[in-house]
Amino acid sequence: MSHQIGRRKFILYGSAALGTSLLLKACTTPPPESGTASTPGAGSSPATGASPVSNTTSGGGDTIKVGILHSLSGTMSISEKSVVDAEQLAIEEINAAGGVLGKQIEAVVEDGNSDWPTFAEKAKKLIDQDKVVTVFGCWTSASRKAVLPVFEQKKHMLWYPVQYEGQECSQNIFYTGAAPNQQIEPAVDWLLQNKGKEFFLVGSNYVFPKTANTIIKAQLAAKGGKTVGEDYIPLGNTEVAPIIAKIKKALPNGGVIFNTLNGDSNVAFFKGMQEAGLTPDKYPTMSVSVAEEEIKAIGKEYLVGHYAAWNYFQTVDTPANKKFVEAFKKKYGDDRVTNDPMEAAYIMVYLWKQAVEKAKTTDLEPVRKAAIGQTFDAPEGQVTLENNHHLSKFVRIGEVADDGLFKIVFETKTAVKPIPWNQFVADTKGFACDWSDPNKGGKYKV
Amino acid sequence: MLEVLEVIFNGLSTGAVLLISSLGLAIVFGLMGVINLAHGELIMLGAYTTFLVQNVCKAFGSPWKESYIFFALILAFIVGAIAGLILERGVIRYLYGRPLETLLATWGVSLILQQFVRTVNWVLVIGIAIFCLLFFGGLWVLNRLPNFQQIRKWVITVMLPLSIGIAAVTGGFLSQTYKLAVTKPWFGAQGVAVTAPKWLFGGLNIGTLTLPYVRLFIIALTIACIIALYLFFQRTSWGLRIRAVTQNRSMSACLGIPTQKVDALTFALGSGLAGVAGVAISLLGSVAPNTGQNYIVNTFMVVVVGGVGKLVGSIVAALAIGTIDYIIASKALLPLVAASKPLTDLVEFFGSTDMAKVMVFALIIVFLQIKPGGLFPEKGRTVDA
């Protein structure tokens, strides 16, 4: 009998605790948003109430609904949360400046839960139920591939903010992160010129690192470099001793390490390098998934002197970037940093806004047409949306400095045009993509 | 010679990490038979404790900054043990002997803990504190009324929404007044950085071989934990009671051993060890909300292979799995099989971190076919007893 009461008591207390935490969460979510009604320019916004950006569906004809679809829980929330922050900042700024076509933008935020089928489901929900006019979202290639059929079938529009492996060019997606030729290839060229000819490739075991390494190997073979070894770690694995041992064996006197690890494995890898005495002067490591946020999580002591290739660093010296970093820190706190995917996410909201303004409607087809050729004075410099739905971007290489930010050691003078179909891979050599010409489309032979 | 030494050392250190992360589970799952899927999250709490202690000690300056790791060990054990105690008293004790429910409940707890770490901020903490104070404090006070048992239902019906309401309103008020200062997450979804103290940087050089101090530290810590556990189980009266309850629960109860207290203590001990493991892994890998998930499969693997019910099984299993995993992944066997082409190809094929995992799991499956009870099977107090 006492057991019975105990269980009932437990359920009661349990639901009580859960209820409190839910309530508290509900109460704590609005403030950061309504609190920012006081950010610069917000005073000039006329019609809106306290919180222009919220995930409530208030309906009404005075707002334009857009979808935000990222992982707010699960493994990928580590990276995707900050991208959502950047997108909401952009939406808020646009709203404060009067919105789009005289209407306020209302963001419907959905959580993909780091689970690819959930992404597809939520994409359907955003399109069918919330009737959003566009979706900003995804991080991993797997999640993008999962939602791609949804967007193609419904002829809808996705803006994707992350550097990726290329080999895709959908009419329904705008890619504002780097294609391989805007990140990986310049990085390899720079390493060959400045750091050495012998490369060891380390990556997580999934599509991006594998494709990236195929490209790097082909490029090294073409340009006189040498791949001395290659190894993959399952996502989330943190035991790196075997890899370190192999690197030491393959490169006893030092050499270049090209790192396409993603997420937590990076932390273990750099700690392992440091432990084993593989210092950046002998073993310079070039990473393509380590940005300012990751430096904070890994600990700068382990990273100083190593390199990363991106299109944007927080330390980029442009007026637009100064404004962006300031606005971001004001909204989210002084200890936050900005990074490349966040910048790409910020850009894409503005590009969409410009396209809508040019098309004078939010209808999908006119906006898609109007989007091509849009230029924007982005924090990284002036970018242009090309006819292959990718963005021409600046390429930069940064060295991790003592303050945990990057010292830019190389940057291209002009924006590099994107090449989604890789010219180093036999299957796609000679192909290109052009959505401005109906006869060419996503993949045509040049 | 040096190469053999390198293989032994790296295998040992891989095994030590496996072992220290599964020691707690060896007690909770091995001895008590509780399938605790939240074990990984207890490790994570230990890792976050390390982060907090590190930051506090940094603020105090030099002598403290370098020795934070020892305070972290003690505090992580306490944090883990308290979390385990709450878990056992609040959830698991109602589910003894029901493995499926335990499995689901602890998995739920693991999700709650992960999300808690992501979202925890001052508002949440203050809100929960106010709720607990009002609700449980109120119940405690009213408990003194003579007719409490009759009005208990009513009291709870009234008090519950009232406490939730007050806590929520206070939280809402605080977040409106102080804004970012109180609503900013303490840790956030991003991982946090734990940096090993200066004296653990670098390593011991023997010829071309480097033995990293961090690895040596973890091996030493693991050995210390095992010795401490041995002494506790063999030399103290509570250790004796735990062993007695493990072997025969009803007989122990008849002889006057407070089995409920023993359960709570055993669980807290296992959870505390998970906290200590958190300190160790924070030196090697990432400290993030999902850190625990990276270790949970490995820990169960060790305990199952070692045989449920005996600690020595887990020790041998962890070292064996660690060494085999390292040997396969690093292609250490290559010189031995150089003569034979097909064998060389085989070693090359499995010679990467991800393929080595496949191989290890395949070997474990084969092993469990031969010895289903694990290395050292012993009839403990199993889940269905």
Side-chain angles (χ1 to χ4, degrees), chain A residues 3 6-7 10 12-14 16-17 19-21 23-28 31-32 35 72-75 77-79 81-82 205 230-234 236-243 245-246 248 252 263-268 271-272 274-277 293 296-302 332-333, chain B residues 6 10 13-14 17 90-91 94 115 118-119 121 123-124 127-128 131 135 156 160 163-164 167-168 171-172 175-176 179-180 183-184 188-196 201-203 210 212-215 281 283-286 288-291 293-294 325-326 329-331 352-354 356-357:
Chain A
H3 198 74
R7 195 178 311 147
F10 156 66
L12 206 64
Y13 292 165
T20 330
S21 57
L23 256 172
L24 281 170
K25 201 165 152 29
C27 290
T28 50
L72 301 176
S73 53
T75 321
S77 63
I78 286 183
S79 310
K81 181 76 181 61
S82 54
N205 194 7
E230 172 177 16
D231 204 347
Y232 297 94
I233 307 182
N237 189 310
T238 48
E239 188 50 74
V240 295
I243 284 201
K246 273 191 234 174
K248 280 175 107 171
D264 298 340
S265 307
N266 268 312
V267 186
K271 284 187 177 174
Q274 198 276 337
E275 269 171 22
E293 291 248 299
K296 267 175 74 183
I298 296 170
K300 56 179 187 261
E301 288 83 355
Y302 296 100
Y332 297 107
Chain B
E6 187 185 10
N10 276 323
S13 76
T14 313
V17 176
V91 182
Y94 304 107
Q115 200 55 40
R118 281 196 193 100
T119 46
N121 55 27
V123 174
L124 191 72
I128 291 176
F131 169 78
F135 186 69
I156 289 178
L160 196 62
S163 329
I164 291 176
S175 56
Q176 294 295 339
K179 306 232 161 66
L180 210 56
T183 56
K184 208 166 103 53
Q190 261 292 356
V192 293
V194 171
T195 313
F201 271 55
T210 315
Y213 290 133
V214 172
R215 297 280 177 165
I281 63 143
L283 298 177
L284 291 178
S286 63
N290 59 315
T291 297
Q293 305 264 297
N294 299 337
D325 188 34
Y326 176 78
S330 67
K331 300 190 242 185
S352 73
T353 313
D354 49 344
K357 268 246 135 62

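By convention in this document, chain letters (A, B, ...) are assigned in the order of the sequence lines, proteins followed by strands, and residues within each chain are numbered from 1. Just so it is clear, the model here is predicted, and its values are computed rather than measured.
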Turns out that what part of A:A276 lies under 4.5 Å from chain B's heavy atoms comes down to backbone
Given a strict heavy-atom distance threshold of 4.5 Å, which part of A:Y332 is in contact with chain B: side chain, backbone, both, or neither?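 Backbone only.
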Give, as side chain, backbone, both or neither, the part of B:A288 having an atom under 4.5 angstrom from any heavy atom of chain A.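 The answer is the side chain of B:A288.
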Sorted by chain and number, sequence neighbours left out, salt bridge (charged side-chain N to carboxylate O under 4.0 Å, His left out) with B:E6 holds for none
Name all residues meeting the salt bridge (charged side-chain N to carboxylate O under 4.0 Å, His left out) criterion together with A:K248; count only those two or more places apart in sequence or in a different chain, and write none if there are none.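 Counting only residues at least two positions away or on another chain, A:K248 forms no salt bridge (charged side-chain N to carboxylate O under 4.0 Å, His left out).
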For the residue pair [X] and [Y], what are the closest heavy atoms and their distance?
X: B:R215; Y: A:A241; answer: NH2-CB, 4.3 Å
X: A:D231; Y: B:T353; answer: OD1-N, 3.1 Å
X: A:L72; Y: B:R118; answer: O-CD, 4.5 Å

Among [options], who wins on heavy-atom pairs under 4.5 Å with chain B?
options: A:K296, A:E239, A:K300; value: A:E239
options: A:A268, A:G272, A:P242; value: A:P242
options: A:Q274, A:E230, A:K81; value: A:Q274

[atom1]/[X] to [atom2]/[Y] distance, rounded to the nearest 0.5 angstrom?
X: B:L283; Y: A:E275; atom1: CG; atom2: CD; value: 8.5 Å
X: A:N237; Y: B:N294; atom1: CG; atom2: CG; value: 7.5 Å
X: B:T195; Y: A:K271; atom1: OG1; atom2: NZ; value: 6.5 Å

Taking [options] one by one, which has the highest count of heavy-atom pairs under 4.5 Å against chain A?
options: B:T291, B:V194, B:N10; value: B:V194
options: B:S352, B:G202, B:A196; value: B:S352
options: B:A356, B:S286, B:S13, B:G191; value: B:S286

